[in-house]
Protein chains: 2
Amino acid sequence: MTEQELLRELLQAGDEQEKMSEKKVKILEAAIEMFSEKGYAATSTSEIARKAGVAEGTIFRHYKTKKDLLMAIVTPVLTRVVAPFLARDFAQKVFEDDYQSYENFIRALIRNRFDFVKKHLPMIKIFLQELAFHPEIKEQYRHIFVEHVYDKFRKIVSHFQQKGEIIELPPETVIRMTITTIVGYLITRFLVLPERDWDDDVEIEHTIQFLMHGLSRRKE
Amino acid sequence: MTEQELLRELLQAGDEQEKMSEKKVKILEAAIEMFSEKGYAATSTSEIARKAGVAEGTIFRHYKTKKDLLMAIVTPVLTRVVAPFLARDFAQKVFEDDYQSYENFIRALIRNRFDFVKKHLPMIKIFLQELAFHPEIKEQYRHIFVEHVYDKFRKIVSHFQQKGEIIELPPETVIRMTITTIVGYLITRFLVLPERDWDDDVEIEHTIQFLMHGLSRRKE
DNA sequence: TTGTAAAGTGAGTAATCACTCGCTTTTTTC
DNA sequence: GAAAAAAGCGAGTGATTACTCACTTTACAA
């Protein structure tokens, strides 16, 4: 699968899969690169057109406004970020002991999210940046999280709390710590210190151990 | 101490304390508000002038360029973020058992940073946003961190590792987990879910317990 | 009080902005 | 293969941009 096919597939997530023209893909690639490097507001449509090798009018043929172009990039990220939780059988699998422990659940989650961030870093950068300034993006995110992630996550936490594997704190606190630890690792790894030579397998394992000990039942 | 005096003091950090004119303070206040709400690139100097109740020319009387204005806001944040580590006697105090444990050290740190973030949230938002797009800011940050924070932090970690309080992971991993946990909590608290009604004392204590258990010596 | 430097002003400037529109070229449909 | 639709083009639009500059007002030292 080529880079272009991969991008095409990701960006079409949700849409009826119409074929995208060559130039439309070029526009998206150029926009993603420039938005992630200079920021959305600081990137002009003429720059995007130049980098994409396309007339400026062509951009507005495909996207009514510059903001539409941003949303076309950001929306698929939104759904993919929480993708693991969207699978219909996801919570089921957890309860039916596909992952015998919270630890294995976390391990699968962190590995999965690691690959995702590694593959789509520029889009994720744009998403994180613009989240702060566009209330609709934040609202979409909030909606998806509340609707598709929070409830399932809460049930998983409760499940392993009852099994005695993790501590009896409020579920939202446990969820916060889990997400914070994973996201904190990924942001450090890919945004804060990307140039350091990481031993990813070791670091992921340390992170999992840290999280599991932090969440383990306290024994006196 | 009024809000204005407080702002004045913070923004003058480092400079020889020249008196700032009324209008200069107004400009800074307006710029901080707008930059944090709309972003640096999306805010025009004319908007800032209007909000500050000042002619546009007055902005450029005090700051040569719009970017100079940004740097005047962001630079003091940089030093204040790491302020606790800048104190000359800081590491000394830790070793001489002012904080008898890593836990107490962390507790003091998190409480201190909590107050700082709460007080200067808009400036911190601007700082975090623009860090991504201005290499000089990132370089300044890297420099201060490497020069003034990392070494002291590393010594503190080693100290408590030798005392057997915390686990014998590589110090940079322990530092990463500590910072990640604290920053993750503060970002969740003030940026991701600021509208939730937090019981801050409880949440801070849970966070400390999570961190300390995550970092504790594993006992078989 | 007067002289001077700093602070403040706002109309003006060239460049750039997101976006439009009449047109040509390419692709799809029957 | 002709007609229709979609994609692509680029000069042109009015609005806005960061910044300048000649000028006026204010602050303060001698």
Side-chain angles (χ1 to χ4, degrees), chain A residues 4 7-8 11-12 15-35 37-74 126 129-130 133-134 136, chain B residues 4 7-8 11-12 15-35 37-74 126 129-130 133-134 136:
Chain A
Q4 286 216 352
L7 186 71
R8 222 177 278 220
L11 291 170
Q12 279 173 354
D15 299 15
E16 328 78 62
Q17 65 267 54
E18 18 150 352
K19 51 196 161 186
M20 277 170 117
S21 77
E22 191 73 21
K23 303 240 164 182
K24 192 170 180 180
V25 175
K26 286 279 184 198
I27 290 169
L28 280 169
E29 289 176 337
I32 290 170
E33 188 179 333
M34 308 229 48
F35 285 168
E37 274 173 21
K38 306 183 46 179
Y40 167 74
T43 303
S44 70
T45 48
S46 66
E47 285 176 290
I48 296 170
R50 190 167 357 108
K51 169 151 281 186
V54 148
E56 204 172 344
T58 308
I59 293 177
F60 292 95
R61 169 83 44 203
H62 292 288
Y63 304 97
K64 281 202 294 208
T65 62
K66 188 187 167 190
K67 176 122 184 211
D68 271 20
L69 175 55
L70 173 66
M71 296 307 286
I73 293 170
V74 146
I126 298 168
Q129 281 288 334
E130 299 309 319
F133 303 129
H134 307 272
E136 337 88 67
Chain B
Q4 286 216 353
L7 186 71
R8 221 176 279 220
L11 290 171
Q12 278 172 354
D15 298 16
E16 326 78 61
Q17 66 266 54
E18 20 151 348
K19 51 197 162 187
M20 275 170 119
S21 78
E22 192 73 24
K23 304 239 165 181
K24 191 171 180 180
V25 175
K26 285 278 184 201
I27 290 168
L28 280 169
E29 288 176 338
I32 289 171
E33 189 179 332
M34 309 230 47
F35 285 167
E37 274 174 22
K38 307 184 46 179
Y40 166 73
T43 303
S44 70
T45 49
S46 67
E47 285 177 290
I48 296 169
R50 191 168 356 109
K51 169 150 281 185
V54 147
E56 202 172 344
T58 308
I59 294 177
F60 293 96
R61 170 83 41 205
H62 291 288
Y63 304 97
K64 280 202 296 206
T65 63
K66 188 186 166 192
K67 177 119 184 214
D68 270 21
L69 175 55
L70 172 66
M71 297 306 288
I73 293 169
V74 147
I126 299 168
Q129 281 287 333
E130 299 309 320
F133 302 129
H134 307 272
E136 339 84 68

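Quick note on labels: first sequence line is chain A, next is B, and so on, each numbered from 1. As a basis for the values below, the full set of heavy atoms in this structure was taken, side chains included, without hydrogen atoms, waters or symmetry mates.
In the set C/dT9, D/dC19, D/dC9, the nucleotide with an atom closest to the side chain of A/Val54 is D/dC9. Of the candidates C/dT9, D/dT17, D/dC19, D/dC19 carries the atom nearest the B/Lys66 side chain, counting heavy atoms from C-beta on. Distance from the side chain of B/Ser21 is smallest for C/dG8 among the nucleotides C/dG8, C/dC19, D/dC19.
If you take OH of B/Tyr63 and P of C/dA7, they are 11 Å apart, rounded to a whole angstrom. Protein atom CD of A/Glu47 is 16 Å distant from nucleotide atom C1' of C/dC19, rounded to whole Å. A straight line from NZ of B/Lys23 to P of C/dG10 spans 9 Å, rounded to a whole angstrom. Protein atom CE of B/Met20 is 11 Å distant from nucleotide atom P of C/dA7, rounded to whole Å. Rounded to whole Å, atom P of D/dG8 lies 16 Å from atom CD1 of A/Ile48. Rounded to whole Å, atom P of D/dT17 lies 9 Å from atom CZ of B/Arg50. One can place CZ of A/Phe60 at 7 Å from P of C/dA18, the figure rounded to the nearest angstrom. Nucleotide C/dC17 holds its P atom 11 Å from the CE atom of A/Met34, rounded to whole Å.
Nucleotides of DNA chain C nearest to A/Ser46 and B/Ala55 differ in position, and the one nearer the 5' end is that of B/Ala55.
B/Glu37 places no side-chain N or O within 3.5 Å of a backbone atom of B/Met34 that could act as its donor or acceptor partner. Panel note: side chain A/Gln129, backbone A/Ile126; no donor-acceptor pair is recorded below 3.5 Å. In this structure, the side chain of B/Thr43 engages the main chain of B/Gly39 through a donor-acceptor pair within 3.5 Å.
Regarding contacts with the backbone of D/dA7, every side-chain N or O of A/Thr58 stays at 4.0 angstrom or more from both OP1 and OP2. Contact annotation: A/His62 reaches the phosphate of D/dG8 (side-chain N/O to OP1 or OP2, under 4.0 Å).
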Between the protein and nucleotides 12-14 of chain C, which nitrogen or oxygen pairs are less than 3.5 angstrom apart?
none

Can you pull every protein N or O that's under 3.5 Å from an N or O on nucleotides 21-29 of chain D?
none

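Of all non-hydrogen atoms in A/Ala31 and A/Ile73, the two that sit nearest each other are CB-CD1, 3.8 Å.
DNA chain C lies under 4.0 Å from at least one heavy atom of each of the following residues of residues 37-44 of chain A: A/Thr43, A/Ser44.
Side-chain contact between A/His134 and A/Met71 is absent, with no heavy atoms from C-beta onward closer than 4.5 Å. Between A/Leu70 and A/Lys66 there is no side-chain heavy-atom pair separated by less than 4.5 Å. Between B/Thr65 and B/Asp68, some side-chain heavy-atom pair lies under the 4.5 Å cut-off. Side chains of B/Ile48 and B/Leu69 form a contact here, defined as non-hydrogen atoms less than 4.5 Å apart.
In this structure, a donor-acceptor pair under 3.5 Å is absent between the side chains of B/Ser46 and B/Glu56. Counting only N and O atoms by type, the side chains of B/His62 and B/Lys23 include no donor and acceptor under 3.5 Å apart.
Note that B/Lys24 lies in the cation-pi zone of B/Tyr63, set by a 6.0 Å cut-off to the ring centre and a 45° limit from the axis. A cation-pi arrangement is absent between B/Lys67 and B/Tyr40 under the rule of less than 6.0 angstrom and at most 45 degrees off the ring axis.
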